[in-house]
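Accompanying notes for the structure given below.
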Amino acid sequence: YRQQLDNLGFSFDWRREVRTSNPDYYRWTQWIFLRLFHHYYDQAAGKALPIEALETRLAAEGNAGVKAACDEHTPRITAADWAAMDEQARARFLLHYRLTFPEESFVNWCPALGTVLSNDEVKDGLSERGGHPVERKLMKQWSMRITAYADRLLEGLNTIDWPESLKDQQRNWIGRSQGASVRFPLADHSETEIEVFTTRVDTIYGVTFMCLAPEHELVSQLTTDTQRAAVEEYVRWAASRSDVERMAEVKRVTGVFTGSYCINPVSGEQVPVYLADYVLAGYGTGAVMAVPSGDQRDWNFARHFSLPVVPILDAQQGLEEAADPTKEGRYINSDLINGLGYAEAVPRLINWLESNGKGRGKVQYRMRNAVFSRQRYWGEPVPVYWKEGIPYPLSDSELPLLLPEVDKYLPTATGEPPLGRAEGWKYEDQYEYELSTMPGWAGSSWYWYRYMDPHNEGAFASPEALAYWKDVDLYVGGSEHAVGHLLYSRFWNHFLYDLGLAPEREFAKKLINQGMIQGIIEYLMLQKDKVDGHSRFVSADIAKEEQEQYGREFARMPIHVDFVAEYGTPNSHLTEQGIQQFIDWRPDFATAIFESKEGIYRDGSFLPAGDAASMQLQTVSEVGKMSKRYFNVVNPDDVVAKYGADCFRMYEMFLGPIEDAKPWNTKGIDGVSRFLRKFRALFYTEAGSWAVTDEQPSREELRVLHATIKKVSEDIERFSFNTCISAFMVATNELGRLGCRKRAVLRELVVVMAPFAPFLSEELWHALGETDSVHRTSFPTFDPAYLQADTITYPIALNGKTRLTVDFPATATPAELEAAVRGMESLAKYLEGKSVKKVIVVPGRMINVVVG
RNA sequence: GCCGAAGUGGCGGAAUUGGUAGACGCGCUGGACUCAAAAUCCAGUGAUAGCAAUAUCGUGCGGGUUCGAUUCCCGCCUUCGGUACCA
């Protein structure tokens with residue numbers, strides 16, 4: 001049947017084929033990359049435009065016009081400046097605008113592994129693989145200017161049928177805040193201005209100091225000689241702290257005074273400028289105007305450094321204890337806006353700032369541009385070569401750029417990515433290719449278009465195919481991709497749409513999150529500091545004690561579940577054999593110490609602490625993702641071998657709603673297996689001979705059939721597959737009870753079952769004498785006539801409590817039902833002298849008698 | 001902390017628009033078949049009391065709206081997912 005399904009076009013390996021390192025697929029991913037390189041995003045036009053259009057504008061008017069429309073951080077140039085630039089300078093300048101561009105940025109660098117790790121590959125400051133330290137390192141990376149599309153990505157969410165929680169995740173990730181940008185000139189050097197972003201410009205009269213991120217570009221200029229030593233020490237200290245440490249000490253207040261003052265452009269007051277590590281270099285301008293009366297972090301800082309707290313609203317209270325971030329009341333101590341409320345104050349201030357050239361209304365995003373390169377071997381090579389420090393794109397005809405042969409998939413001795421190992425891999429034999437490769441999300445950001453036209457030589461898909469298929473009707477994927485894959489894909493799609501290459505703005509109309517089938521993850525506790533140069537693993541109970549008693553820190557390291565005894569139970573542990581298996585698997589830890597209550601295992605032998613004969617190194621079990629990364633993948637082949645693919649498939653559906661995550665267990669799979677055999681037994685006798693007859697089905701048998709068709713058709717529409725399976729079970733049980741073996745019923749039922757149990761259905765379909773595939777037949781429709789019963793069983797409730805059920809003719813009107821119920825003797829005993837006040841009849845549903 | 005989702009028998013879960021709470025399955029108990037077991041079939045299975053009919057309680061907790069609430073409203077608790085000093 002696999003062959004037959006293949007013939008129908010369902011290739012089981014289709015997706016895998018397309019997405020792995022296949023030259024065809026590399027080619028079109030690289031082709032799209034080049035389109036991104038050749039375009040810039042014009043905010044005024046609200047779409048991507050060819051970079052040539054930008055060059056024309058630069059030549060005509062400099063970037064004054066496009067600066068605001070594109071990237072406001074670009075240095076300002078005039079048409080004359082542009083004309084004076086040589087080709088290289090222009091190329092370098094255009095990198096400020098291209099939708100993909102190289103940029104210095106901080107990455108998680110693991111020196112021991114010689115590679116950059118993504119955030120999810122770093123756990124507790126150590127690499128998941130091998131448990132090595134990871135540091136922040138500034139590296140030149142290719143980036144995608146996804147921020148250019150922030151507003152469109154936000155607005156597009158309103159047009160698609162995706163889960164609200166997922167949309168919210170994307171909204172929060174994009175993090176649009178509306179506020180104002182204000183420039184504070186330095187007190188003794190008014191040419192230099194500190195620009196801040198604030199969402200509470202109304203609190204500007206409450207500013208009592210300024211705070212800059214330690215990485216802020218003005219730091220050295222602002223620092224006075226008397227403060228220089230202290231500032232430099234603070235900057236060094238802040239830079240040395242890893243993200244992990246910063247996160248652990250979130251509530252600690254640290255900072256240093258620069259010695260400089262700046263001037264509040266609205267009030268004209270002088271305020272001191274501090275550095276503080278609660279200000280993030282990567283958000284806004286890396287500087288904040290501190291309003292301790294309205295912001296808790298500013299308040300904490302003010303208290304720590306004994307800075308003044310000025311109330312600005314008459315409703316503010318308790319400022320000695322905490323900040324008051326509410327917007328209630330009328331402004332006080334606020335010259336321009338005294339007596340106003342929040343709603344009037346904000347526009348008045350922004351107006352003032354703009355007309356006095358001190359600032360403007362501004363929208364700020366939390367989202368940053370996406371780092372696009374990886375220092376790995378596998379992945380599409382970035383189709384770019386470098387000449388005198390400037391990247392040049394390959395031409396379309398030079399695609400695909402394939403991965404070169406290398407001796408090892410490891411970084412070079414000088415720390416270059418693995419592609420640096422390739423000998424003579426140069427453009428025109430002289431220019432070095434970009435050595436990083438694209439991340440996994442590059443290819444996954446557009447692949448559905450290739451499915452529309454997989455063999456097209458001239459384009460990733462033809463206009464005809466795109467016009468026919470348009471977009472993805474239903475995308476099924478995990479919610480863990482909410483702010484990764486699903487956002488990047490939307491970004492690429494909006495870009496392709498701008499170029500007329502994608503038919504719709506959004507790539508998927510509807511999306512549902514299938515819940516993850518989870519596994520049990522087993523962790524080993526690894527002490528973060530080495531002991532005499534040896535890694536030390538301890539039993540979970542020991543780790544807990546040492547953590548509590550000495551504050552010793554441990555990292556959790558996922559290990560292969562095959563090594564674990566009593567896997568998945570609270571008592572899971574490694575025996576000596578398990579430890580040895582672990583060492584064989586991870587030779588880095590050959591000299592490690594393993595310690596449990598029973599003793600120590602090292603260098604291949606067990607040293608008991610007392611008279612213990614063996615050790616149990618407790619592991620920590622956790623329900624979580626089933627993933628290669630956690631070495632806890634259950635191979636479905638084993639289940640398929642035992643129960644068959646249909647049973648496996650149906651059991652997965654039967655486990656519960658498709659969106660819910662659930663740990664994998666095979667507890668109930670026998671029930672589904674039993675059902676499939678019962679279903680098959682409707683067609684065959686116990687002895688195995690064919691039992692289907694051509695008799696006319698009874699009304700009851702047809703009712704069962706049509707009720708099932710109705711139920712399953714409706715439940716498929718709402719992705720309620722677990723209840724579909726339940727409906728099949730009910731139908732099978734009822735037909736079994738009725739002894740129904742009639743073709744007219746069973747033939748239809750097989751078709752309804754086909755999407756759920758494709759193999760068994762196909763087998764039975766052919767056994768019924770059909771020659772074509774069941775998967776080509778049309779789905780049956782139900783006939784309501786068979787579902788109408790002559791009588792309806794009404795539950796009769798007294799004051800909402802069901803007391804008895806009575807059959808009434810289906811044709812009875814509500815008035816007749818009420819009269820019948822009022823006259824019922826069986827009700828009398830519940831009345832206990834009370835009288836019937838009212839009778840509520842819900843036709844076809846129930847009858848409630850109100851007694852009082 | 002903030003954002004989102006969810007809490008129903010021993011377990012997975014059902015109840016689609018406010019209308020018989022616990023469909024279906026697992027497990028468990030008893031029975032049939034068997035020398036015996038497996039498989040299969042039949043019956044029972046929310047809790048408490050009762051031989052039973054039945055009664056009372058029962059959808060995380062406390063209130064409310066309603067003839068009637070797992071479903072709607074208000075206030076909490078817990079769990080999971082996301083995010084994290086975002087100015």
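Chain identifiers are assigned alphabetically (A, B, ...) following the order of the sequence lines, protein sequences preceding nucleic acid strands; residue numbering begins at 1 within each chain.
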Modelled atom types, side-chain donor and acceptor of [X] and [Y], under 3.5 Å:
{"X": "A:Lys678", "Y": "A:Asn733", "value": "yes"}
{"X": "A:Glu195", "Y": "A:Ser181", "value": "yes"}
{"X": "A:Thr723", "Y": "A:Ser720", "value": "yes"}
{"X": "A:Asp298", "Y": "A:Tyr278", "value": "yes"}
{"X": "A:Tyr365", "Y": "A:Asp151", "value": "yes"}
{"X": "A:Gln364", "Y": "A:Lys362", "value": "yes"}

Taking atom [atom1] in both [N] and [M], compute the distance separating them and give it to the nearest angstrom.
{"N": "B:A43", "M": "B:C26", "atom1": "P", "result": "14 Å"}
{"N": "B:A23", "M": "B:U45", "atom1": "P", "result": "10 Å"}
{"N": "B:U65", "M": "B:G75", "atom1": "C1'", "result": "15 Å"}
{"N": "B:G22", "M": "B:A47", "atom1": "C1'", "result": "13 Å"}
{"N": "B:A5", "M": "B:C85", "atom1": "P", "result": "24 Å"}

Exceeds 12 heavy-atom contacts within 6.0 angstrom, atom CZ of A:Arg845: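 Result for CZ/A:Arg845: open.
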Just compare [options] and give me whichever is closest to any side-chain atom of [X].
{"X": "A:Pro795", "options": "B:C86, B:U20, B:G19", "value": "B:U20"}
{"X": "A:Asn172", "options": "B:G68, B:C85, B:C3", "value": "B:C3"}
{"X": "A:Val483", "options": "B:U16, B:A87, B:U83", "value": "B:U83"}
{"X": "A:Met846", "options": "B:C86, B:U16, B:G19", "value": "B:G19"}
{"X": "A:Asp277", "options": "B:A87, B:C67, B:C85", "value": "B:C85"}

Remember a base hit wins even if backbone is also touched, and classify [X] as base, sugar-phosphate or nothing at under 4.0 Å, heavy atoms.
{"X": "A:Arg845", "result": "sugar-phosphate"}
{"X": "A:Ser720", "result": "nothing"}
{"X": "A:Val730", "result": "sugar-phosphate"}
{"X": "A:Asp168", "result": "sugar-phosphate"}
{"X": "A:Leu655", "result": "sugar-phosphate"}
{"X": "A:Pro657", "result": "sugar-phosphate"}
{"X": "A:Arg677", "result": "sugar-phosphate"}

Any donor-acceptor N/O pair under 3.5 Å between B:U40 base and A:Lys678 side chain: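 Per atom types, no contact qualifies.
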Can you check whether [X] has a side-chain N or O nearer than 4.0 Å to OP1 or OP2 of [N]?
{"X": "A:Asn513", "N": "B:A5", "value": "no"}
{"X": "A:Arg718", "N": "B:A15", "value": "yes"}
{"X": "A:Arg674", "N": "B:C26", "value": "yes"}
{"X": "A:Tyr794", "N": "B:U20", "value": "no"}

Under the ring pair (Phe, Tyr, Trp, His ring centres under 6.0 Å) rule, what do A:Tyr651 and A:Tyr643 come out as? Steps first, then yes or no, please. CA-CA 10 Å; A:Tyr651 180 58; A:Tyr643 292 97; 8.3 Å; no
Between [N] atom [atom2] and [X] atom [atom1], what is the distance in whole Å?
{"X": "A:Met367", "N": "B:G82", "atom1": "CE", "atom2": "C1'", "result": "17 Å"}
{"X": "A:Asp715", "N": "B:A14", "atom1": "CG", "atom2": "P", "result": "11 Å"}
{"X": "A:Phe301", "N": "B:A87", "atom1": "CZ", "atom2": "P", "result": "18 Å"}
{"X": "A:Asp202", "N": "B:A87", "atom1": "CG", "atom2": "C1'", "result": "13 Å"}
{"X": "A:Phe675", "N": "B:C24", "atom1": "CZ", "atom2": "P", "result": "14 Å"}
{"X": "A:Asp670", "N": "B:C24", "atom1": "CG", "atom2": "P", "result": "19 Å"}
{"X": "A:Phe721", "N": "B:C24", "atom1": "CZ", "atom2": "P", "result": "22 Å"}
{"X": "A:Lys167", "N": "B:A5", "atom1": "NZ", "atom2": "P", "result": "13 Å"}

Using the ring centroid of each side chain, check whether A:Tyr205 and A:Tyr331 are separated by less than 6.0 Å.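 No, the ring of A:Tyr205 stays outside the 6.0 Å limit from the ring of A:Tyr331, centre to centre.
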Under 6.0 Å between ring centres, would you say that holds for A:Trp664 and A:Phe648?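 Yes: the rings meet the under 6.0 Å criterion.
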Between A:Arg649 and A:Asp646, does any NZ, NE, NH1 or NH2 come within less than 4.0 Å of an OD or OE carboxylate oxygen?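 Salt bridge absent between A:Asp646 and A:Arg649.
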Looking at A:Arg737 and A:Glu734, does any basic side-chain N land under 4.0 Å from a carboxylate oxygen?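 Judged by the 4.0 Å cut-off on N to carboxylate O distance, A:Arg737 and A:Glu734 do not form a salt bridge.
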Does A:Thr198 or A:Gly671 map to a spot on RNA chain B nearer the 5' end, using the closest nucleotide for each?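 Upstream on the strand: A:Gly671.
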When syn is taken as a glycosidic angle within 90 degrees of 0, is B:G62 syn or anti?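 Judged by the O4'-C1' to base torsion, B:G62 sits in anti, the angle falling more than 90° away from 0.
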In which stems does RNA chain B show up, taking only runs of three or more Watson-Crick or G-U wobble pairs whose two distances fall under 3.5 Å?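 Output for stems: B:1-7 with B:77-83, B:10-12 with B:24-26, B:27-32 with B:40-45, B:46-49 with B:54-57, B:60-64 with B:72-76.
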Counting only heavy atoms and a strict 4.0 angstrom limit, can you tell me which residues of residues 722-729 of chain A come near RNA chain B?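 Residues of residues 722-729 of chain A under 4.0 Å from RNA chain B: A:Asn722, A:Thr723, A:Ser726, A:Met729.
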